[in-house]
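Ligands are counted one by one from 1 in listed order, and the atoms in each one are counted from 1 as well. Here the structure is a predicted model, which means the values were calculated and not measured.
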Amino acid sequence: MKKRIGVLASGRGSNFQAIIDAIGQRKIPATCIALITDNPDAYAIVRAKKAKIPVTIIDYSLYPSREEYECALLTAMQQADADLFVLAGYMRILGTSIVHLFSGKMMNIHPALLPSFTGLHAQKQALDYGVKVSGCTVHFVDESLDCGPIILQRCVAVQDGDDEDSLAERILKYEHKCLPEAIRLFCEGKLVTDGRSVRII
Ligand code: GRF
């Protein structure tokens, strides 16, 4: 039985595209049933339309408070009725009520080897720190910022002369493999979470 995947994205949506492509190539036994975005200018919307995926725009700037925005977001997520929500470059911190409601059914991709370099500009943080290896992490979302149980990680070497853009570009290539892979494992029922550990069976 195919799983229903909902995606939250705020911008360019290259990870969203990687999901669309992997589903199109039958690498993931799923249907992408919704793109939900907080940004009416997100390029992810163009990608969704091309792939005939329904789009819900919840424009953050039109809501008087974060609570009201989150209320609209929650309604859209419940209506989507997804088995899994994927945060693919969703650039807001989700409130705890949404996080709890979708516990174990929501994953995020982060461009660093967590728990190092959480939050924004992870690639710059890694360069500033002087690490020799960075990478990307797919994890389940919990109430901590970028610190939920880790599903998959991939390492990327930092090279002499790297700047934020070059490192981000190299990491992104791994994100595009790692995120669809994690979604596939979820859809095939191969992820078992035990406290902080996610076992792949
Ligand atoms: C990616 O680097 C992702 O890890 C981070 O935000 C970026 C989104 O890129 N959370 P895109 O919108 O998927 O192209």
Sub-4.0 Å atoms of ligand 1 with respect to non-hydrogen atoms of Gly89: 6 (O), 8 (C), 10 (N)
field: NE2 (His121) with more than 12 external heavy atoms under 6.0 Å
entry: no
- request: Count the heavy atoms of every other residue, nucleotide or ligand shown that sit under 6.0 Å from CG of Asp163, and state whether that count exceeds 12.
  value: yes
Results of ring pair (Phe, Tyr, Trp, His ring centres under 6.0 Å) for Tyr60 - residues two or more places apart only: Tyr69
field: Those residues that, when tested against Phe117, pass ring pair (Phe, Tyr, Trp, His ring centres under 6.0 Å) (two or more places apart)
entry: Tyr129
Looking only at protein heavy atoms, which one is nearest to [atom], and how far off is it?
| atom | answer |
| --- | --- |
| atom 1 (C) of ligand 1 | Glu175 OE1, 3.1 Å |
| atom 9 (O) of ligand 1 | Arg12 NH2, 3.1 Å |
| atom 11 (P) of ligand 1 | Ser14 N, 3.4 Å |
| atom 10 (N) of ligand 1 | Ile109 O, 3.2 Å |

Side-chain heavy atoms of Leu101 within contact of Gln78, under 4.5 Å: yes
field: Criterion side chain to side chain contact (heavy atoms under 4.5 Å, CB included) on His176 and Ser14, from CA distance to verdict
entry: CA-CA 8 Å; His176 293 165; Ser14 69; 2.8 Å; yes
task: Determine, using heavy atoms of Gly13 and all atoms of ligand 1, whether some pair is separated by less than 4.0 Å.
output: yes
- prompt: Any N or O of Asn108 that comes nearer than 3.5 Å to an N or O of ligand 1?
  reply: no
